[in-house]
*Asks:* 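This is the structure, below, for whatever I ask next.
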There are 2 protein chains.
Amino acid sequence: MSERANIRDVAAMAGVAVKTVSRVLNGHPYVSADTRARVEEAMQKLDFRPSVAARILSGSKSNQIALIYDNHSPFYMFQIQTGCWEQCKQHNIRLLAQPVDVTDPTVGEQVRGLVTETHVDGIILSSPVTDCEPVLRALEALDLPFVRISPGTNHALTSSVFMDDTQAADDMTTYLINQGHRRIGFIKGHQSHMASEDRLFGYRRALDRVGIQFEPSLVFEGEFDFESGVRAAQYLLDLPEVPTAIFASNDDMAAGVLAEAHSRGIEIPTELSVTGFDDTTLARTVWPPLTTIHQPMAELAQTATEILIAGNEITHRRLPHSLIERASVAPPLRKTI
Amino acid sequence: MSERANIRDVAAMAGVAVKTVSRVLNGHPYVSADTRARVEEAMQKLDFRPSVAARILSGSKSNQIALIYDNHSPFYMFQIQTGCWEQCKQHNIRLLAQPVDVTDPTVGEQVRGLVTETHVDGIILSSPVTDCEPVLRALEALDLPFVRISPGTNHALTSSVFMDDTQAADDMTTYLINQGHRRIGFIKGHQSHMASEDRLFGYRRALDRVGIQFEPSLVFEGEFDFESGVRAAQYLLDLPEVPTAIFASNDDMAAGVLAEAHSRGIEIPTELSVTGFDDTTLARTVWPPLTTIHQPMAELAQTATEILIAGNEITHRRLPHSLIERASVAPPLRKTI
DNA sequence: ACTCGCATGTCCAGCGCTGGACATTTCGCG
DNA sequence: CGCGAAATGTCCAGCGCTGGACATGCGAGT
């Protein structure tokens with residue numbers, strides 16, 4: 001009873017040829033609705049599961065795709081994985097989540113290995129693997145379709161989904177300015193993330209628009225993690241003329257700012273406004289809850305997966321972001337400048 | 001040049017029989033060190049990657065294991081995945097991370113499907129799937145080795161790794177008592193997590209030991225998430241006689257307590273002590289950083305993977321926990337009782 | 001009645017590897 | 001020197017499925 005059902009068993013039960021079952025399995029045309037139903041019923045009854053291995057070996061699609069990532073933010077990865085997973089589930093395709101280390105000189109080899117070993121049909125690259133040259137080259141050499149989530153560089157030959165980081169940072173900066181802030185600290189992200197530059201650019205653009213002079217000393221280069229947020233806050237709050245608001249380019253760093261401010265007895269948001277970026281669950285978990293940019297990570301992942309599965313032409317899709325007002329921003333106490 | 005190398009190619013280059021290459025691949029005895037070296041060199045040069053599919057199909061091991069999870073805490077899953085992954089990498093085996101929904105009536109089927117489709121050699125169950133009857137039954141029917149991470153129920157027929165939740169909760173409670181607290185609120189976790197009961201039991205045991213009367217009204221049943229922590233805090237802080245300390249049985253709920261306290265202007269830890277459980281990165285990210293129990297999640301996952309890969313006899317391994325003192329606990333202001 | 005196009009069946013090779021059965025050679029050691 | 005174990009080879013079937021080539025039956029359109 002526990003013997004795994006065969007395609008032959010299914011054929012027998014449905015009273016059709018093995019070939020027909022195969023046709024049903026692969027969504028061939030030229031199968032009548034009636035036959036298809038009978039076959040599907042038999043598959044159901046026998047709890048038949050086509051062996052992925054056999055299908056791969058016999059040269060068809062593997063019905064597997066891989067998600068390659070290297071990101072140490074649990075939140076980010078969780079959302080991305082979940083987004084991909086949901087889409088895969090609907091299409092009945094299997095997802096292999098594969099962590100890699102972009103700084104490892106053998107990444108390219110690793111990816112090639114993954115592909116040749118598992119015969120995945122396509123690949124989703126999440127940032128920052130999206131801009132990892134060795135991986136990109138390996139994938140191109142293998143001639144495998146892939147789509148990139150939030151790539152930094154543009155690449156006409158490959159699909160991608162992304163949000164407008166520059167505009168989002170601009171929005172946030174403008175929001176802060178509208179609240180009355182003129183002196184706004186900015187915590188930049190790590191260089192390996194191309195988005196870091198875009199966000200900085202958005203910040204500058206918003207400043208320029210209203211004629212606020214950009215001041216390099218107000219920018220601190222962080223690494224997207226909590227600790228660098230703390231360091232950034234230490235730096236910015238020790239400035240001779242301290243900013244009235246700090247715009248961290250992700251939530252983790254904003255949390256670091258919050259922590260440092262707390263430990264100095266600085267009250268948020270009355271004495272200092274803080275904003276994040278990403279809208280990870282962290283933004284709701286810290287105190288006060290962060291005003292931040294909602295980056296639609298799950299949707300990005302879902303869309304990427306859709307595009308990959310549809311697998312037709314190269315697609316580039318921009319998804320909308322939004323500014324989430326919570327409680328970490330208030331007008332400045334003392335007007336600076 | 002980009003043609004995938006064959007086992008035949010390797011054999012040819014190494015000047016041996018295909019069978020010998022296969023022997024090397026499968027770690028057979030009766031292969032001289034010299035031959036093995038030659039074969040390995042050839043594999044290297046040709047960048048040969050044995051097709052997982054072919055190996056599975058030909059009836060050998062698949063060199064794949066699956067990690068099955070259903071846990072909405074990104075931190076937890078990230079750590080578990082990372083732990084498994086590292087171990088797998090060392091043994092050169094592939095990890096399939098598979099989310100499921102334990103409340104779905106078809107979980108059993110889903111798992112059976114996963115196994116028969118992918119031919120994984122073994123399975124790692126992370127909490128709460130560890131105690132999901134349908135999954136357990138399916139796995140037993142399939143006669144597949146599996147190991148459980150932090151199972152709630154005991155199961156002599158299956159391997160497991162775990163920590164002593166009761167002792168840990170006891171430790172934490174005792175610590176709080178030693179700081180002078182007598183009236184300690186406890187936020188219980190969700191029932192589906194068996195560990196919830198253990199932690200509650202540890203809390204009671206510590207209370208009993210020093211002769212503090214257990215008070216059911218000081219226990220709030222949460223759901224392991226931030227929001228339920230907030231609700232718990234609202235409840236506990238509205239009690240006629242408010243506790244001087246709140247022990248949340250995970251960090252997310254502790255963060256909720258922190259948030260609620262902040263919004264009421266209650267100062268932590270001077271006016272209220274708060275402790276968490278798990279030592280997720282969240283514990284370091286909130287303010288003040290949480291005194292919590294370090295649950296060795298990555299190690300648990302690693303150990304589980306090791307056991308599964310070694311795959312010999314049934315093993316049960318307890319890993320040590322530790323109490324991490326940070327800044328969310330202080331002696332109570334006013335002695336209660 | 002005669003095509004078509006659809007729906008299905010038959011037959012067979014082959015994906016890349018392993019396992020079993022067995023043969024052969026080499027080598028150390030008593 | 002002879003024997004058994006170690007080291008390798010040969011040969012072949014088969015895992016479960018798909019794809020191609022081709023045959024056939026059947027109903028609809030002209």
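Just so we're on the same page: letters track the sequence lines, and every chain starts at 1.
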*Asks:* Take atom NE2 of A:His119 and atom C1' of D:dT18, then tell me their distance rounded to the nearest Å.
*Replies:* 15 Å

*Asks:* Do the side chain of B:Asn26 and the main chain of B:His28 share a donor and acceptor less than 3.5 angstrom apart?
*Replies:* no

*Asks:* Please pick, from D:dC17, C:dC17, D:dG16, the nucleotide with the shortest atom-to-atom distance to any side-chain atom of B:Ser58.
*Replies:* C:dC17

*Asks:* Return the 5'-most residue of the pair A:Lys61, A:Leu57 with respect to DNA chain D, ranking by each residue's nearest nucleotide.
*Replies:* A:Leu57

*Asks:* Quick one: A:Asn63 CG to D:dC17 C1', roughly how many Å, whole number?
*Replies:* 12 Å

*Asks:* Say you draw a straight line from CG of B:Leu96 to CG of A:Leu95; how long is it, rounded to the nearest 0.5 Å?
*Replies:* 9.5 Å

*Asks:* Determine, for A:Lys45 against A:Asp47, whether the closest basic-nitrogen to carboxylate-oxygen distance falls under 4.0 angstrom.
*Replies:* no

*Asks:* Report the distance from atom CZ of B:Arg55 to atom P of C:dG19, rounded to the nearest whole Å.
*Replies:* 9 Å

*Asks:* What is the separation between atom CG on A:Asn6 and atom P on D:dT18, rounded to the nearest whole Å?
*Replies:* 11 Å

*Asks:* For A:Gln79, give me all partners under side-chain contact (heavy atoms from CB on, under 4.5 Å), at least two apart in sequence or on another chain.
*Replies:* A:Met297, A:Ala298

*Asks:* For B:Arg8 and C:dG14, what is the distance between atoms CZ and C1' respectively, to the nearest whole Å?
*Replies:* 10 Å

*Asks:* How far does CD of A:Glu140 sit from CG of A:Leu142, to the nearest 0.5 angstrom?
*Replies:* 10.0 Å

*Asks:* For residues 83-94 of chain B, run the donor-acceptor check on the side chains, cut-off 3.5 Å, and write out each pair with its distance to 0.1 Å, sequence neighbours left out.
*Replies:*
| from | atom 1 | to | atom 2 | distance (Å) |
| --- | --- | --- | --- | --- |
| B:Gln87 | OE1 | B:Gln302 | NE2 | 3.4 |
| B:Arg94 | NH1 | A:Gln98 | OE1 | 3.4 |
| B:Arg94 | NH2 | A:Glu117 | OE1 | 2.9 |

*Asks:* Mind checking side-chain contact (heavy atoms from CB on, under 4.5 Å) for A:His316 and listing every partner two or more places apart, or none if nothing turns up?
*Replies:* A:Asn154, A:Ser160, A:Phe162, A:Ile314

*Asks:* May I have the distance from B:Asn26 (atom CG) to C:dG19 (atom C1'), rounded to whole angstrom?
*Replies:* 10 Å

*Asks:* Indicate for each nucleotide in nucleotides 5-13 of chain C, in 5' to 3' sequence, whether protein heavy atoms under 4.0 Å reach the base (B), only the sugar-phosphate (S), or nothing (-).
*Replies:* -SSBBB---

*Asks:* For A:Phe78, give me all partners under ring pair (Phe, Tyr, Trp, His ring centres under 6.0 Å), at least two apart in sequence or on another chain.
*Replies:* none

*Asks:* Is the backbone N or O of A:Leu114 less than 3.5 Å from a side-chain atom of A:Thr116, with the two atoms forming a donor-acceptor pair by type?
*Replies:* no

*Asks:* Between the opening five pairs and the closing five pairs of the helix from C:dA1-D:dT30 to C:dG30-D:dC1, how far apart are the helix axes, to 10°?
*Replies:* 20°

